[in-house]
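Structure record follows, encoded as structure tokens.
Scope of the values below: all heavy atoms of this structure, side chains included, with no hydrogens, waters or symmetry mates.
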Amino acid sequence: MKLRAVAVACVLVVLTLAYVRVGWWRLEDACQADPPGGPAFASAATSWSWRPPGFTCEHDDEPPRTRLWW
């Protein structure tokens, strides 16, 4: 029984790390690919937000967008 709990915990940790890594790649691709005003007019910043929870994409000329998946 204890071995099962350890195995489930390990799987949850791996899945969480995979979600964060793949989500961050997708966030960077989406945030850099479509800046408002074209690439010459905007810089993009990416981060994680706890309120509301999710990945945040912020351009210098529009409000930040936060999503759980990009």
Smallest separation among heavy atoms of Thr66 and Pro53, with atom names: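 What the structure gives for the nearest pair is CG2-O, 3.9 Å.
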
Joint hydrophobic cluster, Leu68 plus Phe55, side-chain heavy atoms closer than 4.5 Å: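 Cluster IDs for Leu68 and Phe55 match.
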
Trp50 with Leu27, same ILVMFWY side-chain cluster at under 4.5 Å: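 Looking at the clustering, Leu27 is in the same group as Trp50.
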
Matching residue for Val11 among Val14, Leu15, Val13 - test: side chain to side chain contact (heavy atoms under 4.5 Å, CB included):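 Going through the options one by one, the only one that passes is Leu15.
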
Interatomic distance, Ser49 atom OG to Arg65 atom CZ [nearest 0.5 angstrom]: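 It comes to 14.0 Å.
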
Parallel, tilted or perpendicular, as decided by the 30° and 60° cut-offs, for the rings of Tyr19 and Trp69: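 Trp69 vs Tyr19 ring planes: parallel.
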
Whether over 12 other heavy atoms sit under 6.0 Å from Arg21 CZ: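 Counting other residues, nucleotides and ligands, CZ of Arg21 exceeds 12 neighbours.
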
Trp25: ring-ring contact (aromatic ring centres under 6.0 Å, His included) partners, not counting sequence neighbours: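 None.
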
Sub-4.5 Å side-chain heavy-atom contact between Glu58 and Cys31: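 Side-chain contact under 4.5 Å: no.
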
